Amino acid sequence: MRQVRYAAAMTVREVIQRSTEFLQRHGVDFPRLQAELLLAHLLKLPRLQLYLNHDRALAEPELTALRALVQRRSKREPLQHLVGSTSFVGLEIAVSPAALIPRPETETLAELAAAALSKCATPAPVALDFGTGTGCLAIALATRCKAAQVHALDISEAALTLARANAQRHGLAERIVFHLGDGFGALPEELRCDLIVSNPPYIPTAEIATLQAEVRDFDPRAALDGGADGLDFYRLLARESPAWLNVGGGLFAEFGDGQETALQLMFNDSGWRAVVAHRDLTERPRVLEAWR
Ligand SMILES: C[S@@+](CC[C@H](N)C(=O)[O-])C[C@H]1O[C@@H](n2cnc3c(N)ncnc32)[C@H](O)[C@@H]1O
């Protein structure tokens with residue numbers, strides 16, 4: 001079936017059922033939850049309120065708008081793109097095809113880096129978010145550490161436009177300095193940081209084709225591709241970030257499944273100390289911590 005079919009004056013309960021079946025047929029994970037979230041977004045209601053409105057009939061314009069959303073979701077467009085934002089460490093972050101959708105596992109990186117930044121002995125510690133995307137990590141650091149000066153770097157102009165808008169929405173336009181360019185070369189020469197945080201692209205090139213359609217077809221390629229073994233950006237970070245760190249500075253970086261051992265070896269061999277891998281909330285090794 002090509003189109004999701006709704007009849008006139010269908011109730012909330014009926015459209016949820018119809019939309020769920022349609023999304024299920026198109027292989028969308030958690031189809032009922034997705035149908036409910038789309039309808040809740042459309043009706044501007046918290047999802048649980050749908051249950052109190054089960055017998056409410058939808059007007060024709062509402063059915064038309066829902067049909068368009070469900071149709072797009074069936075083509076695997078991510079829910080976050082359809083609703084326009086996501087929550088990251090309790091902060092609302094606008095999303096778009098310009099940047100990777102912030103992931104729950106990256107919240108572990110944000111929490112660890114914010115805690116380390118708060119413990120810096122310097123009164124106004126300086127942090128850099130390498131590969132900022134939506135700006136979620138830079139915004140989390142600036143929100144949690146009021147004294148910090150935060151810099152954020154990305155190679156994508158479109159991502160930086162989104163990140164700037166997100167910073168503004170959180171009242172942080174004056175607290176985060178954005179830099180456009182390819183790697184550390186885009187930063188002012190005199191910049192020295194106490195902490196670098198990064199969720200770099202870490203998917204091995206050949207694996208990108210095997211990812212879920214929502215990721216493969218809708219996250220920017222530049223946010224995913226970590227080179228042949230997925231480790232290109234860690235080699236860059238291990239080699240080049242010391243020049244941008246103050247003595248005793250640290251790096252927190254997210255990594256992918258199966259990369260922990262190679263990264264520990266790489267950072268230990270490159271003169272970093274106290275190299276530790278932390279687990280995320282699903283108990284997977286996810287965040288590398290290393291100090292100079
Ligand atoms: C995995 S995304 C992370 C986005 C965001 N920090 C997050 O955690 O959701 C990686 C980001 O690195 C950026 N990037 C890729 N290559 C880069 C480079 N050579 N220099 C700077 N940024 C780069 C991409 O544009 C992308 O926004």
Side-chain angles (χ1 to χ4, degrees), residues 78 80-81 85-114 127-144 150-167 170 172 176-188 191 193 195-205 207-208 211-212 214-216 218-228 230-241 244 251-257 259 280 286-288:
Q80 296 90 334
H81 284 183
S85 69
T86 193
S87 171
F88 183 77
V89 294
L91 301 163
E92 194 183 0
I93 300 290
V95 302
S96 83
L100 187 98
I101 297 167
R103 307 291 206 265
E105 55 267 34
T106 307
E107 295 185 330
T108 302
L109 171 60
E111 302 284 4
L112 288 165
L128 168 69
D129 175 13
F130 184 106
T132 196
T134 55
C136 59
L137 285 166
I139 289 166
L141 292 182
T143 304
R144 297 286 172 94
V150 180
H151 292 258
L153 161 70
D154 209 287
I155 197 169
S156 158
E157 195 164 5
L160 279 186
T161 301
L162 178 64
R164 277 198 190 91
N166 273 320
H170 287 284
L172 297 169
I176 304 176
V177 185
F178 292 95
H179 306 274
L180 172 65
D182 181 355
F184 290 103
L187 299 172
L191 181 69
C193 307
L195 202 80
I196 295 176
V197 58
S198 185
N199 174 18
Y202 57 67
I203 310 293
T205 308
E207 277 180 31
I208 292 176
L211 298 175
Q212 271 189 296
E214 282 85 346
V215 179
R216 183 191 63 217
F218 294 95
D219 277 325
R221 175 110 187 174
L224 301 175
D225 194 345
L231 304 181
D232 280 1
F233 283 90
Y234 305 104
R235 282 187 274 273
L236 178 97
L237 289 167
R239 190 177 62 239
E240 294 189 22
S241 51
W244 299 90
L251 171 79
F252 285 78
E254 180 172 320
F255 60 84
D257 291 342
Q259 295 176 334
D280 64 18
R286 185 64 67 205
V287 177
L288 188 83

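Atoms within a ligand are numbered from 1 in the order they appear, just like the ligands themselves. Atoms considered below: every heavy atom in the structure, side chains included; atoms not considered: hydrogens, waters and symmetry mates. Here the structure is a predicted model, which is why all the values come from computation and not from measurement.
Put simply, the side chain of Leu211 reaches to within 4.5 Å of the side chain of Leu224, judged on heavy atoms. Considering only heavy atoms from C-beta on, Val95 comes within 4.5 Å of Pro102 through its side chain. Side-chain contact check for Leu109 versus Leu137: some heavy-atom pair is nearer than 4.5 Å. In this structure, Leu100 and Thr106 have side chains that are not in contact, with every pair of non-hydrogen atoms separated by 4.5 Å or more.
Nearest-heavy-atom check against atom 26 (C) of ligand 1 across Asp154, Leu224, Asp219, Asn199 picks out Asp154. Nearest residue to atom 16 (N) of ligand 1 from Phe88, Phe184, Phe233 is Phe233 (criterion: closest heavy atom).
Thr132 O, 3.3 Å is the protein heavy atom nearest to atom 5 (C) of ligand 1. For atom 1 (C) of ligand 1, the closest non-hydrogen atom of the protein is Ala223 O, 3.0 Å. Of the protein's heavy atoms, Gly131 O, 3.5 Å lies nearest to atom 11 (C) of ligand 1. With hydrogens left out, the protein atom closest to atom 15 (C) of ligand 1 is Ala222 O, 3.2 Å, a heavy atom. Atom 22 (N) of ligand 1 has as its closest protein heavy atom Ile155 N, 3.2 Å.
Close contacts between ligand 1 and Thr106 involve ligand atoms 8 (O) [criterion: under 4.0 Å to a heavy atom]. Contact atoms of ligand 1 toward Gly183: 18 (C), 19 (N), 20 (N), 21 (C) (distance under 4.0 Å to a heavy atom of the residue). Within ligand 1, counting atoms from 1 as listed, the ones closer than 4.0 Å to a heavy atom of Cys136 are 7 (C), 8 (O), 9 (O). Ligand-side atoms of ligand 1 in range of Asp182: 18 (C), 19 (N), 20 (N), range being under 4.0 angstrom from any heavy atom. Annotation for ligand 1: atoms under 4.0 Å from non-hydrogen atoms of Gly133 are 4 (C), 27 (O).
Within the structure, ligand 1 lacks Ala99 among the residues with a heavy atom less than 4.0 angstrom away. Taking a 4.0 Å cut-off on heavy atoms, Gly181 registers as neighbouring ligand 1. Note on ligand 1: Ala159 sits outside its first shell, no heavy atom being nearer than 4.0 Å. At least one heavy atom of Leu100 sits closer than 4.0 Å to an atom of ligand 1.
The main-chain N or O of Pro204 is never found under 3.5 Å from a side-chain atom of Glu207 such that the two would form a donor-acceptor pair. Checked by atom type and distance alone, the side chain of Thr205 pairs as donor or acceptor with a backbone atom of Gly227 at under 3.5 Å.
Put simply, CG on Leu187 and CH2 on Trp244 are 5.0 Å apart, with the number rounded to the nearest 0.5 Å.
Other residues, nucleotides and ligands place more than 12 heavy atoms under 6.0 Å from the CD atom of Glu240.
Taking 4.0 Å as the cut-off between side-chain N and carboxylate O, Arg103 and Asp280 do not count as a salt-bridged pair.
Aromatic ring pairs are classed by plane angle as parallel below 30°, tilted from 30° to 60° and perpendicular above 60°; the pair Phe184 and Phe130 is tilted.
Residue Asp129 places no N or O, backbone or side chain, under 3.5 Å from any N or O of ligand 1.
Of the residues Ile101, Ile93, Ile139, the one that meets the side-chain contact (heavy atoms from CB on, under 4.5 Å) test with Phe88 is Ile93.
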